[in-house]
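Below, chain A is the first sequence line, B the second, and so on; all start at residue 1.
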Amino acid sequence: MLGYVLRRILSTVPVMAIVAMIVFSLLYLAPGDPASVIAGDQATPEDVARIRANLGLDRPFLVRFFEWSGQIVRGDLGTSIFTNLPVTSLIKQRIEPTLSLTLVTLILSVLVAVPLGVLAAWKVGTWLDRGIMALAVVGFSVPVFVVGYVLAYLFALVLDWLPVQGYTPIAQGFWPWIQNLILPSIALGGIYIALIARITRSAMLDVLAQDYIRTARAKGLGQTPTLFVHALKNAAVPIVTVIGLGMALLIGGAVVTESVFAIPGLGRLTVDAILRRDYPVIQGLVLMFSFVYVLVNLLVDISYTFLDPRIKY
Amino acid sequence: MVRLDTGRDSAARVDLPPVWPPIRLRTGVWGWIARYPSIALGCFLLSIMLVGAVFAPWLGTVDPTAIATVKRTRPPGAEYWFGSDMLGRDIYSRVLYGTRVSLLVGFSVAVVASVVGLLLGLVSGFVRWADGVIMRFMDGMMSIPPILLAVALMALTRGSVGNVIVAISVAEFPRVARLVRGVVLSVREQPFVDAAIASGTRTPVIIWRHILPNTLGPLIVQATYICASAMITEAILSFIGAGTPPTIPSWGNIMAEGRALWQVKPFVVFFPAIFLSITVLAVNLLGDGLRDALDPRGQKDR
């Protein structure tokens with residue numbers, strides 16, 4: 001068990017190294033001269049030279065790559081061209097809102113999507129099932145910012161139930177904090193809910209066809225324990241896998257949601273960095289989000305051994 | 001009622017009750033629609049958008065970039081069907097021309113990502129030594145959230161529709177490669193491939209004749225989903241200022257420009273949002289329908 005966990009943790013190291021290499025190579029693979037693109041049209045040659053030095057484009061690829069890898073290992077993600085602050089400290093300033101938004105969305109999505117998926121599988125072939133699956137298609141199709149604007153318009157502007165935009169740190173109390181996060185989480189969660197509900201339904205359909213479910217029903221076990229204890233537990237592996245893989249959607253969507261709801265998090269940092277063409281910040285953010293994504297999926301892998309005792313390595 | 005001729009005289013004819021309800025053969029266009037409702041609906045919505053995109057100049061539009069500052073942020077009405085934006089540009093025209101960008105990006109990314117992914121997947125599935133290298137590389141690419149990968153690429157290049165297509169394709173093709181490799185690995189173990197090898201068929205012919213046709217079904221379905229996701233990604237990129245340049249109207253751009261005023265002038269954001277949602281819905285419906293229709297197991301409810 002411990003050996004398996006350790007081996008899985010070690011196996012993420014090469015993946016992260018490859019991710020770092022890809023992210024680093026983008027700068028060299030981009031067509032044209034990235035330094036002059038980043039500097040913009042009004043830049044003086046000195047500006048371009050300064051940016052080229054900051055990005056290390058004036059030195060050979062391999063030399064620069066090993067320097068940069070050394071920095072990453074020491075936890076240094078580079079320096080912003082625009083503010084001259086280390087990228088790590090910029091990230092630290094902005095991480096709380098994004099973390100809050102992602103966690104609230106994750107919890108909300110799982111709490112909504114799993115019961116919906118179970119319900120659809122239980123009532124398979126009925127109008128309820130079709131309705132839930134149709135909602136899932138809509139959830140996939142309506143982009144996060146569209147849902148965001150509609151929700152903000154309805155519940156904040158027309159009904160005036162919740163704040164329109166902004167973010168309150170959790171230090172100022174749970175209620176003000178969650179109030180600001182309800183609408184963004186629903187908007188961000190839409191596609192995620194659709195994804196999880198779909199996979200829950202199909203995993204549950206597979207499990208419900210098993211003999212032990214028939215046995216459970218035959219011995220007179222009620223519908224709820226059959227569905228949620230016997231079936232859902234055995235359908236957990238694909239569901240948890242999709243929750244982990246869907247984190248990529250969540251991270252990408254957070255960038256947009258934050259700019260719709262004016263949440264000062266990492267997404268806003270990304271958007272600001274794009275507008276200023278502050279590439280080191282973008283590079284640092286991409287790398288950090290990718291590492292988080294790899295780690296989340298590591299946790300998912302490790303959770304398999306708890307969810308399904310048959311999985312032993 | 002089914003009449004059976006027993007072969008004797010006419011008096012011996014018996015009226016048998018119907019054993020099962022009469023089969024209504026679903027033929028013709030309507031039958032086809034009844035059999036594949038989501039493909040039909042998807043195609044229908046998509047062809048409306050396509051017509052709008054192709055014939056945009058003749059559908060009551062004006063120059064989508066024409067600025068009229070006197071007439072800015074007019075609500076929807078007779079003169080401006082969808083209203084006008086902060087610079088007095090006609091939103092109806094901008095949205096209709098924006099359809100071109102969205103469809104172009106969606107289709108192009110679907111094609112480019114599928115072709116690149118197909119080639120890499122075939123190589124990976126057939127060439128043992130390349131498999132490890134390619135798949136580790138794909139794992140790395142898939143560990144980067146697609147939107148962020150596209151954002152990083154767009155930050156390094158000048159904003160243009162071509163660059164948007166390349167950036168999103170780069171973010172999408174690893175999943176295709178994975179899918180194709182999976183199909184190749186399972187198909188190459190099939191007896192008919194062994195038979196082909198045993199009868200001396202050359203590898204390229206095996207790939208072309210036996211492997212490739214089996215990858216097409218899943219590939220087409222995947223390409224449809226990629227098309228939908230590319231349209232959303234394009235809108236997101238343009239919305240956060242990393243996509244198509246502001247000079248070319250795209251749905252993401254229009255929404256980005258309406259962002260500052262959306263609380264008082266929601267229509268600027270509303271119309272492109274509706275168009276985007278309907279188009280993506282159409283493509284997703286098409287994908288779901290194709291998946292059910294092309295699934296050889298025919299499990300319609302999965």
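There is no contact between A:A17 and chain B, counting heavy-atom distances below 4.5 Å. Heavy atoms closer than 4.5 Å to chain B are found in the side chain of A:F145, but not in its backbone. In this structure, chain A has heavy atoms under 4.5 Å from both the backbone and the side chain of B:M141. Neither the backbone nor the side chain of A:I191 comes within contact range of chain B; no heavy atom of the residue lies under 4.5 Å from a heavy atom of that chain. With a threshold of 4.5 angstrom between heavy atoms, A:I274 approaches chain B through side-chain atoms but not through N, CA, C or O. Interface residue A:R198: only side-chain heavy atoms are found under 4.5 Å from chain B. Residue B:F270 does not touch chain A at all, counting heavy-atom pairs closer than 4.5 Å. Looking at A:V137, both its backbone and its side chain come within 4.5 Å of chain B, counting heavy atoms on both sides. If you measure heavy-atom distances from B:A235 to chain A, the contacts under 4.5 Å come from both the backbone and the side chain. Proximity to chain A (any heavy atom under 4.5 Å) is shown, for B:P272, by neither the backbone nor the side chain. For chain B, the nearby part of A:Y293 is the side chain; its heavy atoms alone come within less than 4.5 Å. Heavy atoms of B:A228 lying under 4.5 Å from chain A are absent altogether.
Side chains of B:L148 and A:L285 form no contact here, defined as non-hydrogen atoms less than 4.5 Å apart. With contacts defined as side-chain heavy-atom distances shorter than 4.5 Å, the pair B:I144/A:V286 qualifies. Annotation: side chain of B:I240 is not in contact with side chain of A:T270 (no heavy-atom distance under 4.5 Å).
Interface summary for chain A: among B:G241, B:P146, B:A152, B:A150, the most heavy-atom pairs under 4.5 angstrom belong to B:A152. Of the listed residues B:A282, B:G287, B:S277, the one with more heavy-atom pairs under 4.5 angstrom with chain A than any other is B:S277. Considering only heavy-atom pairs separated by less than 4.5 Å from chain B, the leading option among A:P143, A:S259, A:G267, A:G253 is A:P143. If you tally non-hydrogen atom pairs under 4.5 Å between each of B:N284, B:I147, B:I274 and chain A, the highest count goes to B:N284.
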With side-chain contact (heavy atoms from CB on, under 4.5 Å) as the criterion, how do B:V280 and A:V142 come out once you've worked through the C-alpha distance, each side chain's angles and the decisive distance to 0.1 Å? CA-CA 7 Å; B:V280 176; A:V142 185; over 6 Å; no

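Across every non-hydrogen atom of B:A155 and A:Y279, the tightest pair is CB-CD1, 4.0 Å. Heavy-atom minimum distance, A:V294 versus B:S143: CG2-CB, 3.6 Å.
No donor-acceptor pair under 3.5 Å is formed between the side chain of B:R136 and the backbone N or O of A:I18.
Contacts between residues 242-251 of chain A and chain B, counted as heavy-atom pairs separated by less than 4.5 Å, involve A:A248, A:I251. Among residues 164-181 of chain B, no residue has any heavy atom closer than 4.5 Å to a heavy atom of chain A.
A distance of 8.0 Å separates CD1 in A:I22 from CG in B:L149, rounded to the nearest 0.5 Å. In this structure, A:S141 OG and B:L276 CG are separated by 9.5 Å, a value rounded to the nearest 0.5 Å. We find the CZ-CG distance between A:F140 and B:D288 to be 8.0 Å, quoted to the nearest 0.5 Å. Here the straight-line distance linking atom CG of B:D139 with atom OG1 of A:T12 works out to 12.5 Å at 0.5 Å rounding.
Heavy-atom neighbours of A:Y153 OH from other residues, nucleotides or ligands within 6.0 Å: at or below the threshold of 12.
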